[in-house]
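Worksheet: the structure to be examined is printed underneath.
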Amino acid sequence: CFSFNAAMHGYGRNGDWERAIALLQDMKDSGVRPDLVTYSTVLAACGKAGEWQRGKAIMAEMKADGISPNVFSFGSLINACGKAGRWELAVEILEEMQASGLVPNEHNWSTAIDACGKAGEWQKALDILGQLEAGTEAGGGGERVPLSTTMYNFALEACARAGKWDRGAEILERMKGNPRTPPDARTYAKIIDACAKGEQWGQAIRYLYEMREVGIPPTIFAFNAAIAACGKCGRWKEALALFGAMSREGVSPD
RNA sequence: UCGUAAAUGUCACGU
């Protein structure tokens with residue numbers, strides 16, 4: 001079972017969900033019983049590929065085999081829906097996992113927020129985040145979910161995608177207010193990207209400076225977003241200056 | 001902290 005799982009993991013990494021499913025069948029045919037990890041690995045492969053129908057089928061199959069899906073299994077299915085743009089289904093599955101007695105963890109919430117963001121549903125993304133902040137999320141029976149930087153980053157990305165740079169700025173402020181959710185390099189890259197989409201070149205540059213001030217070396221992503229913001233606003237001089245600064249400092253991806 | 005399983009990277013260029 002071990003080696004099957006390892007091979008399946010390899011297929012998943014390569015986006016080859018069909019082979020992962022085929023291998024699951026081979027396993028059964030050769031009399032090896034798939035376990036929880038096997039199924040979750042196949043689900044992960046489907047999730048990465050956005051194959052939510054297949055994912056649902058696999059989950060039904062594992063249940064039929066008497067194996068209860070856990071947070072990993074459900075998480076991958078939520079991911080599949082998000083990748084496919086099916087945010088409502090993603091939220092539904094999150095609810096289904098709660099109904100089955102599981103408590104979603106921060107990965108699951110992040111994935112759900114991202115599913116909404118990817119589908120352009122930034123209000124829903126912020127709504128979920130707000131519920132988590134207030135500790136009033138659906139099904140939160142006392143067990144409070146720890147907030148994480150990544151969760152905020154997804155919400156911020158949702159705002160960026162929608163061109164809501166001011167909402168993004170609000171999120172950034174909230175992150176700063178919680179020692180558990182410090183902004184990181186990706187946070188700044190996303191807020192700068194939001195500024196670019198909103199054609200706020202001045203804000204974009206301010207955030208670029210700010211990240212350096214708080215001890216986060218600007219990444220290539222932050223620089224590129226800031227340069228894009230300047231370009232979009234026709235601030236060619238500023239764009240060129242940023243480009244110069246970028247090549248002057250050895251900018252790293254992360 | 002880790003173990004065979006889950007969530008974030010821009011831009012350009014192509015398709």
Side-chain angles (χ1 to χ4, degrees), chain A residues 1-13 17 20 23-24 27 32 34-50 52 55 58-59 62 67-83 90 93-94 97 102 104-118 125 128-129 145 148-161 171 175 181 183-197 204 207-208 218-232 239 242-243 246 251-254:
Chain A
C1 187
F2 245 60
S3 31
F4 274 104
N5 289 353
M8 210 129 48
H9 182 57
Y11 289 143
R13 282 199 64 84
W17 57 275
L23 188 56
L24 174 64
M27 245 176 118
V32 181
D35 65 2
L36 175 62
V37 172
T38 310
Y39 277 110
S40 294
T41 306
V42 180
L43 282 168
C46 295
K48 189 188 285 282
W52 61 273
I58 296 292
M59 187 173 281
M62 76 188 281
I67 298 172
S68 305
N70 65 0
V71 290
F72 284 76
S73 333
F74 275 105
S76 291
L77 198 48
I78 294 169
N79 188 29
C81 297
K83 289 271 192 322
I93 288 166
L94 188 69
M97 90 182 263
L102 294 169
N105 60 22
E106 63 179 79
H107 281 256
N108 303 142
W109 288 110
S110 292
T111 310
I113 290 171
D114 188 39
C116 296
K118 275 197 164 59
I128 293 173
L129 182 65
V145 183
S148 73
T149 294
T150 302
M151 276 172 30
Y152 279 92
N153 282 351
F154 278 121
L156 196 40
E157 190 172 7
C159 295
R161 211 178 332 249
I171 290 176
M175 295 178 81
T181 61
D184 62 11
R186 289 170 191 249
T187 309
Y188 277 100
K190 287 175 204 291
I191 186 65
I192 293 170
D193 188 42
C195 292
K197 294 249 172 23
Y207 283 124
L208 194 65
T219 58
I220 187 164
F221 305 103
F223 265 112
N224 281 345
I227 291 168
C230 293
K232 232 177 162 188
L242 287 175
F243 194 79
M246 183 167 75
V251 177
S252 70
D254 51 19

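Remember, it's a predicted structure, so these values are computed and weren't measured experimentally.
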Measuring only between side-chain heavy atoms, which start at C-beta, is [X] closer than 4.5 Å to [Y]?
X: Leu208(A); Y: Leu242(A); result: yes
X: Lys118(A); Y: Glu157(A); result: no
X: Pro218(A); Y: Met246(A); result: no

Would you mind reading off the distance between [X] atom [atom1] and [N] atom [atom2], rounded to a whole angstrom?
X: Leu23(A); N: A5(B); atom1: CG; atom2: C1'; answer: 14 Å
X: Ile113(A); N: A7(B); atom1: CD1; atom2: P; answer: 16 Å
X: Ile192(A); N: U8(B); atom1: CD1; atom2: C1'; answer: 16 Å
X: Leu77(A); N: A5(B); atom1: CG; atom2: P; answer: 19 Å
X: Tyr152(A); N: A7(B); atom1: OH; atom2: C1'; answer: 17 Å
X: Asn5(A); N: A6(B); atom1: CG; atom2: P; answer: 12 Å
X: Phe74(A); N: A7(B); atom1: CZ; atom2: P; answer: 17 Å
X: Leu94(A); N: A7(B); atom1: CG; atom2: P; answer: 16 Å

Over all strands shown, is [X] touching base, sugar-phosphate only, or nothing at heavy-atom distances under 4.0 angstrom?
X: His107(A); value: base
X: Asn79(A); value: sugar-phosphate
X: Lys83(A); value: sugar-phosphate
X: Ser110(A); value: base

message = Please report the distance separating the C1' of U10(B) from the corresponding atom of A6(B), rounded so that it comes out in whole Å.
response = 25 Å
ask   = Mind checking the P distance from A7(B) to G3(B)? Whole angstroms is fine.
value = 14 Å
ask   = How many angstroms lie between atom CD1 of Ile93(A) and atom CE of Met59(A), to the nearest 0.5 angstrom?
value = 7.0 Å
message = Return the OG1 to CD1 distance between Thr41(A) and Ile58(A), rounded to the nearest 0.5 Å.
response = 11.5 Å
How close do [X] and [Y] get, counting heavy atoms only, and between which atoms?
X: Ser73(A); Y: Met62(A); value: OG-CE, 4.0 Å
X: Gly50(A); Y: Lys83(A); value: CA-CB, 3.6 Å
X: Leu36(A); Y: Ser68(A); value: CD1-O, 3.4 Å

ask   = Is Lys232(A) near enough to C11(B) that one of its side-chain N or O atoms lies under 4.0 angstrom from OP1 or OP2?
value = no
key: Asp114(A) side-chain proximity, nearest of A5(B), A7(B), U10(B)   = A7(B)
key: Thr111(A) side-chain proximity, nearest of A7(B), A6(B), U8(B)   = A7(B)
query = What would the secondary structure line of RNA chain B be in dot-bracket form, counting Watson-Crick and G-U wobble pairs under 3.5 Å, with [ ] for pairs that cross earlier ones and | for pairs with another strand?
reply = ...............
ask   = Is there a donor and acceptor pair, one atom on the side chain of Asn108(A) and one on the base of A7(B), closer than 3.5 Å?
value = no
query = Looking just at side-chain N and O atoms, do Thr38(A) and Asp35(A) make a donor-acceptor pair shorter than 3.5 Å?
reply = yes
task = Return the residues of residues 34-49 of chain A meeting this criterion: a heavy atom under 4.0 Å from some atom of RNA chain B. Order them by number, or give none.
result = Val37(A), Ser40(A), Thr41(A), Ala44(A)
query = Between the side chain of Asn5(A) and the main-chain N/O of Phe2(A), is any donor-acceptor distance below 3.5 Å?
reply = no
